[in-house]
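Just so you know, ligand 1 is whichever comes first in the structure, and atom 1 is the first atom listed for that ligand.
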Amino acid sequence: MIMKNMEDFKPAASFFFLTPFYDFLCELMGFGRSFKLKVIDLLSIKGFEKILDIGCGTGTLIIEVKKRYPNTEILGIDPDEEILKIAGKKLKKSKVSAKLIKAYAQALPFPDSTFDLAVSTLIFHHLKTDVKKKSIKEIYRVLKKRGRFLLIDFGQPKTLLSKILLKVGAFFEGKENMEANLKGKLPLFLEGAGFEIKKANLYFRGIQFLEARK
Ligand SMILES: C[S@@+](CC[C@H](N)C(=O)[O-])C[C@H]1O[C@@H](n2cnc3c(N)ncnc32)[C@H](O)[C@@H]1O
């Protein structure tokens, strides 16, 4: 089973044996709960949307969204069964109800025009270039007309520190997965799929916040 998964996708912390420690490592690198709270501020949720978290990992963002906006309906998808188990336990412990589905960003199991808002944090640097493009097309398809997609991931580095950090990251992630991110191509892929870019700010440790509208 694990061997099959290894061919399919890159796990959250680059190596399968590190999955149980993902939340700890995330906190250590500054991408944990406080980062997710910053992301929620930027999502501009009104409170009643149907939201899709793509590559939801351990479910931290889902839990915090539901705590702040209990009337939203939020679904998380991720291809990694092990991380979905961790997410399920965390949701139960936090008394948060949300659907978690094993699925890939490039083949979303939802009809056209299902969601008001889609969000992905830190997954695009795990995807090969053709998968990034397919995933963006799928996200466009499942969003309602005028729906928004927040793509939050490494962008073109602007400072020496982020250049160094991203070089180290590229070593673990594989050059091809990181290349389009580091060359600043994600906005072009969004536009290529039909999205209109609303905001593109570099704001935290080389992470770019891209807001696109269908
Ligand atoms: C670095 S983790 C980010 C998790 C979470 N979004 C966060 O910010 O903590 C990347 C996640 O993307 C998932 N992933 C990898 N390939 C994927 C794909 N093709 N479609 C959807 N998710 C994928 C991994 O299983 C992992 O949970």
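The nearest protein atom to atom 12 (O) of ligand 1, hydrogens excluded, is given as I123 CG2, 3.4 Å; this is a heavy-atom distance. Scanning the protein for heavy atoms near atom 20 (N) of ligand 1, the closest one is A105 N, 2.9 Å. Protein heavy atom closest to atom 22 (N) of ligand 1, with residue, atom name and distance, is P79 CD, 3.2 Å. Remark: minimum distance from atom 15 (C) of ligand 1 to any protein heavy atom is reached at K10 O, 3.4 Å. Nearest non-hydrogen protein atom to atom 26 (C) of ligand 1 is D78 OD2, 3.5 Å. The single protein non-hydrogen atom nearest to atom 19 (N) of ligand 1 is Q106 OE1, 3.0 Å, given as residue, atom name and distance.
Residues R213 and E196 are not paired through a salt bridge, judged by the lack of any N-O separation under 4.0 Å between the basic side chain and the carboxylate.
Ligand 1 has no N or O atom lying under 3.5 Å from any N or O atom of Y104, backbone or side chain. Where the criterion is an N or O separation shorter than 3.5 Å, residue side chain and backbone included, T121 meets it with respect to ligand 1. Checked against a 3.5 angstrom limit, the closest N/O atoms of H126 and ligand 1 fall outside it. Polar contact with ligand 1: present for Y22 (N/O pair, distance under 3.5 Å).
Interface atoms of ligand 1 facing K36, defined by a heavy-atom separation under 4.0 Å, are 7 (C), 8 (O), 9 (O). Every atom of ligand 1 with a heavy atom of A12 under 4.0 Å away is listed here by number and element: 1 (C), 2 (S), 26 (C), 27 (O). The ligand atoms of ligand 1 that sit less than 4.0 angstrom from a heavy atom of D80 are 25 (O). Close contacts of ligand 1 with L122, meaning ligand atoms under 4.0 Å from a residue heavy atom, involve 1 (C), 2 (S), 3 (C), 8 (O), 10 (C).
Inspection of the K90 and T60 side chains reveals an N or O donor paired with an N or O acceptor under 3.5 Å.
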I would like to know whether F35 and C26 meet side chain to side chain contact (heavy atoms under 4.5 Å, CB included); could you show each step before the answer?
-> CA-CA 9 Å; F35 175 72; C26 235; over 6 Å; no

Please assess I83 against C56 for the test side chain to side chain contact (heavy atoms under 4.5 Å, CB included), listing each intermediate value before the final yes or no.
-> CA-CA 9 Å; I83 213 152; C56 62; over 6 Å; no

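For D130, there are no side-chain hydrogen bond (donor to acceptor under 3.5 Å, both in side chains) partners, not counting sequence neighbours. The side-chain hydrogen bond (donor to acceptor under 3.5 Å, both in side chains) check on K144 picks up D116, with sequence neighbours excluded.
Annotation: cation-pi pair K214/Y140 present, NZ/CZ under 6.0 Å from the ring centroid and within 45° of its normal.
Contacts with ligand 1 closer than 4.0 Å are made by side-chain heavy atoms of L127 only, the backbone lying farther away.
Looking at F9, F31, F35, it is F9 that brings a heavy atom closest to atom 16 (N) of ligand 1. When S14, G55, S120 are ranked by how near their heavy atoms come to atom 4 (C) of ligand 1, first place goes to G55.
Note that CG of L52 is 6.5 Å distant from CG of L75, once rounded to the nearest 0.5 Å.
Across all non-hydrogen atoms, the minimal contact from I54 to I123 is O-CG2, 3.5 Å. Taking both residues in full, the closest heavy atoms of F124 and I139 are given as CZ-CD1, 4.2 Å, listed atom of the first, atom of the second, then distance.
You'll find the ring centres of F15 and Y22 outside the 6.0 Å limit.
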